[in-house]
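Every heavy atom of this structure was used, including side-chain atoms; hydrogens, water molecules and symmetry mates were not.
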Amino acid sequence: MNWIGQIAIVDLLISGVLIGIIVSAPLGPVGILCIQRTLNKGRWVGFATGLGATMSDIIYAVLTGYGMSFMYDFIHKYEIPLQIVGSILLLFFGIYTFRTDPLKSMHKGSGTTNSYLQNLITAFFVTLSNPLIIALFIALFARFSFVVPENNIGLQATAYLSIAIGAVLWWLTLTFFINKVRTKFKMKGIRRINRTIGVGVIFASIVGLVHAISSCCF
């Protein structure tokens, strides 16, 4: 493999990690569930919840990537316009995340302590019940030009593994932080975390939009 091919794989890995983080970060039902379980039952119970969500996200990522792989030539031909569209969609998602009150997704926790596997499975099905995640993956795949030819199985496996790594890194970070501040953590902190995530997504989308437009015009 020449150095150009190596750079392309590194870019793919970085994009995959970023996609995994962006998909996992917004505090929807599973994010709230992860925080609740971390506060009530410990960090690793919360992480098991995040891991279940990651497994579901990867299924949707594979479905999205498989569908888009059939349009590989089209996507690369119109790479810049699709990056612009993907950045705009990501901007709307960031605004939506910023304005959403995640506490509305909070449910009264159970006093029982389930196994790690049970916590993982419940989070898996909660995430799987939201097929709208595919729309977010389509926007992100377009924004990062994250499309792999369908006949390159090794590259596809690497790409989806990088998404999983990004998601796992997010859940590890979130549960570590919540566990560290558990004695001082207040529910309004959830709103602050979600708004910070929203600002981060908005910033990333604007940077991507400016980069795509500049590539198109210059």
Side-chain angles (χ1 to χ4, degrees), residues 6-39 41-65 86 90 93-94 97-98 102 105 116-117 119-124 126-128 130 133-134 136-141 143-146 148 154-182 185 189-190 192-205 207-208:
Q6 292 175 343
I7 291 175
I9 290 179
V10 171
D11 287 343
L12 186 72
L13 289 173
I14 293 173
S15 296
V17 169
L18 290 174
I19 289 172
I21 292 173
I22 293 172
V23 167
S24 302
L27 296 181
V30 174
I32 296 297
L33 191 62
C34 176
I35 291 175
Q36 283 183 291
R37 287 176 174 174
T38 302
L39 289 172
K41 303 176 183 179
R43 179 188 178 189
W44 296 112
V45 173
F47 178 68
T49 302
L51 199 59
T54 298
M55 292 169 62
S56 179
D57 285 341
I58 292 302
I59 291 175
Y60 281 127
V62 171
L63 290 174
T64 304
L90 196 58
F93 177 73
T97 299
F98 181 85
S105 302
Y116 291 128
L117 181 59
N119 285 287
L120 183 150
I121 291 173
T122 55
F124 172 83
V126 168
T127 307
L128 196 66
N130 183 19
I133 294 174
I134 289 181
L136 178 56
F137 271 120
I138 291 173
L140 287 168
F141 280 26
R143 161 62 188 87
F144 290 100
S145 299
F146 194 84
V148 184
L155 199 56
Q156 284 189 349
T158 302
Y160 297 128
L161 179 61
S162 67
I163 293 177
I165 290 172
V168 169
L169 286 174
W170 166 255
W171 295 117
L172 279 172
T173 302
L174 179 65
T175 53
F176 175 81
F177 171 75
I178 297 298
N179 189 60
K180 282 292 183 182
V181 300
R182 68 164 56 241
F185 190 82
I190 293 178
R192 291 176 181 173
I193 293 173
N194 202 58
R195 286 177 179 173
T196 301
I197 293 167
V199 170
V201 173
I202 290 170
F203 177 77
S205 66
V207 171

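For residues 159-181, the pairs satisfying side chain to side chain donor-acceptor pair (under 3.5 Å) are Thr54-Trp171, Asn179-Arg182, with sequence neighbours left out.
Val199 is linked by a side-chain contact (heavy atoms from CB on, under 4.5 Å) to Phe98, counting only residues two or more places apart in sequence or in another chain. For Ser56, the side-chain contact (heavy atoms from CB on, under 4.5 Å) criterion is met by Tyr60, Phe124, Thr127, Leu128, not counting sequence neighbours. Qualifying side-chain contact (heavy atoms from CB on, under 4.5 Å) partners for Ile138, counting only residues two or more places apart in sequence or in other chains: Thr64, Ile134. Under the side-chain contact (heavy atoms from CB on, under 4.5 Å) criterion, Thr97 pairs with Pro26, Phe93, Asn194, Ile197, not counting sequence neighbours.
The structure places CG of Leu172 at 6.0 Å from CZ of Arg43, a figure rounded to the nearest 0.5 Å. Rounded to the nearest 0.5 Å, atoms CD1 (Ile163) and CG (Leu13) are 11.0 Å apart. Between atom CD1 of residue Ile121 and atom CE of residue Met55 there is a gap of 8.5 Å, rounded to the nearest 0.5 Å. Rounded to the nearest 0.5 angstrom, Ile14 CD1 and Phe146 CZ are separated by 11.5 Å. Leu18 contributes atom CG, which lies 9.5 Å from atom CG of Leu140 (distance to the nearest 0.5 angstrom). With values rounded to the nearest 0.5 angstrom, Leu136 atom CG is found 7.0 Å from Leu90 atom CG.
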Would you tabulate the side-chain donor-acceptor contacts of residues 44-53 under 3.5 Å, counting partners in other chains and residues two or more places apart, or write 'none'?
| residue | atom | partner | partner atom | Å |
| --- | --- | --- | --- | --- |
| Thr49 | OG1 | Arg37 | NH1 | 2.9 |
| Thr49 | OG1 | Val45 | O | 3.1 |

* To do: With side-chain contact (heavy atoms from CB on, under 4.5 Å) as the test, would you mind laying out the steps for Asp11 and Phe144 before giving the verdict?
  => CA-CA 9 Å; Asp11 287 343; Phe144 290 100; over 6 Å; no
